[in-house]
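So you know, we letter chains A, B, ... as the sequences are listed, proteins then strands, and number each from 1.
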Protein chains: 2
Amino acid sequence: MRRLPPLAAVRAFEAAARNESFTAAAAELGLTQAAVSYQVKALEERLGAPLFVRERGRARLTPLGHRLLPTLSQAFDSIEAAFTTQREEDESLLTITTTHTFANTWLAWRLGAFQMAHPELAVRMSTSNDIVDLKAGDADIAIRAGPGHWPGLETHKLFESQFTPMASPECLAAEERKLGRKLQPSDMPTAHIINPGDDWWQQWFCDNGVAPDEKALRRPGIRLDNQANEGHAAMAGQGFALLTPFLWQGDVAAGRLVVPFPESISARGWAYWLVLPPERRMVPKVKRFREWLLAVMEEARQPALSDAAMEI
Amino acid sequence: MRRLPPLAAVRAFEAAARNESFTAAAAELGLTQAAVSYQVKALEERLGAPLFVRERGRARLTPLGHRLLPTLSQAFDSIEAAFTTQREEDESLLTITTTHTFANTWLAWRLGAFQMAHPELAVRMSTSNDIVDLKAGDADIAIRAGPGHWPGLETHKLFESQFTPMASPECLAAEERKLGRKLQPSDMPTAHIINPGDDWWQQWFCDNGVAPDEKALRRPGIRLDNQANEGHAAMAGQGFALLTPFLWQGDVAAGRLVVPFPESISARGWAYWLVLPPERRMVPKVKRFREWLLAVMEEARQPALSDAAMEI
DNA sequence: AAAGGGCATAAGCTGGGCTTATGTAAACGG
DNA sequence: CCGTTTACATAAGCCCAGCTTATGCCCTTT
């Protein structure tokens with residue numbers, strides 16, 4: 001339980017003592033000379049002892065005032081330093097939390113460009129799936145997949161979370177060689193699927209009028225925890241994975257992945273979102289990243305999601 | 001030029017953070033929970049970053065809040081410590097500034113009794129003649145001789161600054177042996193006076209209808225700077241000195257000094273005064289000393305200044 | 001003398017910081 | 001499962017601490 005004098009008075013005294021002038025202190029504090037005089041007097045009355053000797057039109061410290069000054073100055077210095085440090089750190093470090101998938105397949109590849117455009121900003125990206133850390137101040141900005149409503153948070157839709165089977169060209173070729181013809185959606189239940197237990201396969205079958213092979217769906221397969229890993233497995237020829245076209249357009253363009261059914265893209269109703277605390281939306285670093293990401297998205301979305309692009 | 005957040009908000013935050021509870025902080029600060037909530041929110045808005053995560057009916061610190069807390073706590077601790085130290089020192093140390101004379105002849109002999117009565121108080125007596133040090137807080141109380149008006153200071157008259165010739169019994173006897181009769185005031189101009197240059201001798205001569213011997217007054221003699229020294233010189237048999245009866249009553253009673261003309265006491269219009277800054281009059285240590293001194297004075301004055309006492 | 005700079009003081013205003021009252025959500029206890 | 005308790009948020013409104021403005025006085029400077 002603390003017993004402190006009114007801090008406004010202490011502050012006025014400290015400034016006055018440091019400047020050895022009420023007028024100068026007032027200027028420093030953005031007050032009038034009368035205000036400083038008032039506060040100093042109040043503090044002296046509270047202490048029951050004089051802090052200044054008023055003489056010859058100047059105010060000089062009493063021994064008591066002299067003893068108090070250094071401690072108080074230091075205290076205010078450290079308070080100031082604490083907040084300054086915080087502000088500087090906060091201004092110069094942008095922390096983004098995103099899903100493993102988005103980080104791997106998309107953001108990591110372009111964050112460099114943002115960093116180039118804003119060399120004064122240190123950018124830290126961390127991957128996790130907890131949105132609470134935004135409210136807790138662990139990150140400035142989050143990118144998350146979901147239905148899109150987080151209470152008390154501002155969201156911007158980045159792209160629909162669509163999905164369609166993909167595989168490496170070799171894998172597709174092998175499958176078609178086995179069939180002796182071009183692969184059809186209806187062949188998928190018996191094709192080599194990396195993670196057949198994934199619920200989304202069921203939805204994709206349903207969306208595309210394919211009767212799922214119950215037995216096939218209960219095959220063991222591999223759970224890879226996230227789409228990024230499944231995508232990489234697919235590129236490595238491990239089989240088919242349900243992937244989001246937007247995230248893999250680079251790999252598709254480079255021929256590392258193929259999309260056998262560009263017409264058969266399911267949407268899970270989810271999307272990827274940029275999520276941020278609304279009260280921080282105008283903080284410079286947040287504003288810059290938000291604007292940059294939405295611009296890049298806008299630019300990327302047009303060609304990428306068109307059928308033309310998918311059919312490369 | 002400092003840039004600090006409002007200190008009331010910082011204080012509220014610090015208390016809330018330390019207690020990990022707004023309600024407890026409010027109790028500590030003597031405010032309502034709403035006030036703390038308001039201030040913390042204001043600080044968070046100012047910083048543009050959350051300091052607490054509100055969850056499950058509790059408030060937990062964010063990492064940022066956690067980083068700020070120790071610095072701020074320390075700062076407030078040291079502010080508190082500065083004022084506490086000052087208060088404790090101030091409460092336990094009574095500083096009295098007095099004249100050399102009064103210190104020597106009177107106060108030093110009785111300060112022990114005051115100290116006995118107030119063992120918790122350390123008493124420091126310093127002798128100097130500057131009254132300014134009271135305003136500068138160098139001393140709590142002053143005892144001074146003078147006409148009695150110090151602007152802005154409270155004064156209590158202790159005793160009139162009367163004076164009359166005194167000498168050692170031997171000295172008086174020698175003088176009377178030389179004369180062959182009892183000493184008369186009119187004999188003084190040619191008697192052995194320690195400091196004949198002292199203006200007060202002139203006044204005493206005048207008050208007692210004695211024609212001063214111009215030549216005698218221009219005798220060299222010894223300037224001893226203060227009455228204490230003159231009194232001691234007189235006791236040592238160096239000659240006659242003009243002394244204040246009140247201050248030497250002990251020595252008169254003990255036979256170390258004699259007062260040849262108890263009826264011929266001059267008053268210089270001055271007095272000895274207890275002087276103190278009115279704003280500190282009720283500070284315990286000041287009040288105690290003031291009351292003690294005035295009581296002792298009252299007690300001492302009655303018998304001491306009566307003619308009976310003087311004629312011992 | 002006159003001008004200027006510094007602090008004190010009085011009077012009066014104003015909005016920051018408080019209180020009171022109420023809402024909400026979670027934890028608790030029976 | 002429901003009433004009770006506890007904790008924080010929020011709204012509305014009040015009040016006085018802390019400010020400003022205006023003035024005076026004193027000392028120094030020119």
Next item on the list: Anything under 30° is parallel, anything over 60° is perpendicular, the rest tilted; go ahead and classify Trp106(A) against Phe102(A).
Entry: parallel
Next item on the list: If the plane angle is over 60° it's perpendicular, under 30° parallel, otherwise tilted; pick one for Phe289(B) and Trp292(B).
Entry: tilted
Send over the distance from [X] [atom1] to [N] [atom2], rounded to a whole Å.
X        : N       : atom1 : atom2 : result
Phe52(A) : dG6(C)  : CZ    : P     : 15 Å
Lys41(B) : dC18(C) : NZ    : C1'   : 16 Å
Leu7(A)  : dG16(C) : CG    : P     : 18 Å
Arg11(A) : dG16(C) : CZ    : P     : 16 Å
Glu45(B) : dG17(C) : CD    : P     : 13 Å
Arg46(B) : dG16(C) : CZ    : C1'   : 14 Å
Leu51(B) : dC8(D)  : CG    : C1'   : 15 Å

For nucleotides 16-20 of chain D, list the nitrogen or oxygen atoms of the protein found under 3.5 Å from its nitrogen or oxygen atoms, one pair per line.
{"from": "dG18(D)", "atom 1": "N7", "to": "Tyr38(A)", "atom 2": "OH", "distance (Å)": "3.3"}
{"from": "dC19(D)", "atom 1": "OP2", "to": "Gln39(A)", "atom 2": "NE2", "distance (Å)": "2.5"}
{"from": "dT20(D)", "atom 1": "OP2", "to": "Thr32(A)", "atom 2": "N", "distance (Å)": "2.9"}
{"from": "dT20(D)", "atom 1": "OP2", "to": "Thr32(A)", "atom 2": "OG1", "distance (Å)": "2.7"}

Notebook entry, point to check: How would you list, by chain and number, every residue that makes a ring-ring contact (aromatic ring centres under 6.0 Å, His included) with Phe52(B), sequence neighbours excluded?
Noted result: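 Applying ring-ring contact (aromatic ring centres under 6.0 Å, His included) to Phe52(B) gives Phe13(B), Phe22(B).
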Item checked: Closest contact, heavy atoms only, Leu294(A) versus His156(A) ->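 For Leu294(A) and His156(A), the tightest heavy-atom pair comes out as CD1-ND1, 3.6 Å.
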Notebook entry, point to check: So, for Glu14(B) and Ser73(B), which heavy atoms are closest and what is the spacing to 0.1 Å?
Noted result: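 Looking at all heavy atoms of both residues, the closest pair is OE2-OG, 2.6 Å.
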Notebook entry, point to check: Heavy atoms under 4.0 Å, any strand shown: does Ser37(A) hit a base, just sugar-phosphate, or nothing?
Noted result: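 Base, at least one base atom sits under 4.0 Å.
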Notebook entry, point to check: Under 6.0 Å from the CZ atom of Arg46(B), do we count more than 12 heavy atoms belonging to anything else shown?
Noted result: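 Buried by this count: over 12 neighbours within 6.0 Å.
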Notebook entry, point to check: Reckon Thr23(B) has a side-chain N or O less than 4.0 Å from the OP1 or OP2 of dT6(D)?
Noted result: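 No.
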Next item on the list: Taking only the side-chain nitrogens and oxygens of Arg54(A), find out if one of them lies under 4.0 Å from OP1 or OP2 of dA8(C).
Entry: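 Checking Arg54(A) against dA8(C): at least one side-chain N or O falls below 4.0 Å of OP1 or OP2.
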Next item on the list: For the helix from dA1(C)-dT30(D) to dG30(C)-dC1(D), measure the angle between the helix axis at one end and the axis at the other, each built from five pairs, rounding to 10°.
Entry: 30°
Note to self: Can you tell me how far apart OG1 (Thr62(A)) and CD (Glu44(A)) are? Round to the nearest 0.5 Å.
What the structure shows: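 Thr62(A) OG1 to Glu44(A) CD: 7.5 Å, rounded to 0.5 Å.
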Check: Do Thr23(B) and Gln33(B) have a side chain donor and acceptor closer than 3.5 Å?
Finding: no
Check: Do you know which of Val275(A), Thr97(A), Val286(A) makes side-chain contact (heavy atoms from CB on, under 4.5 Å) with Ile141(A)?
Finding: Val286(A)
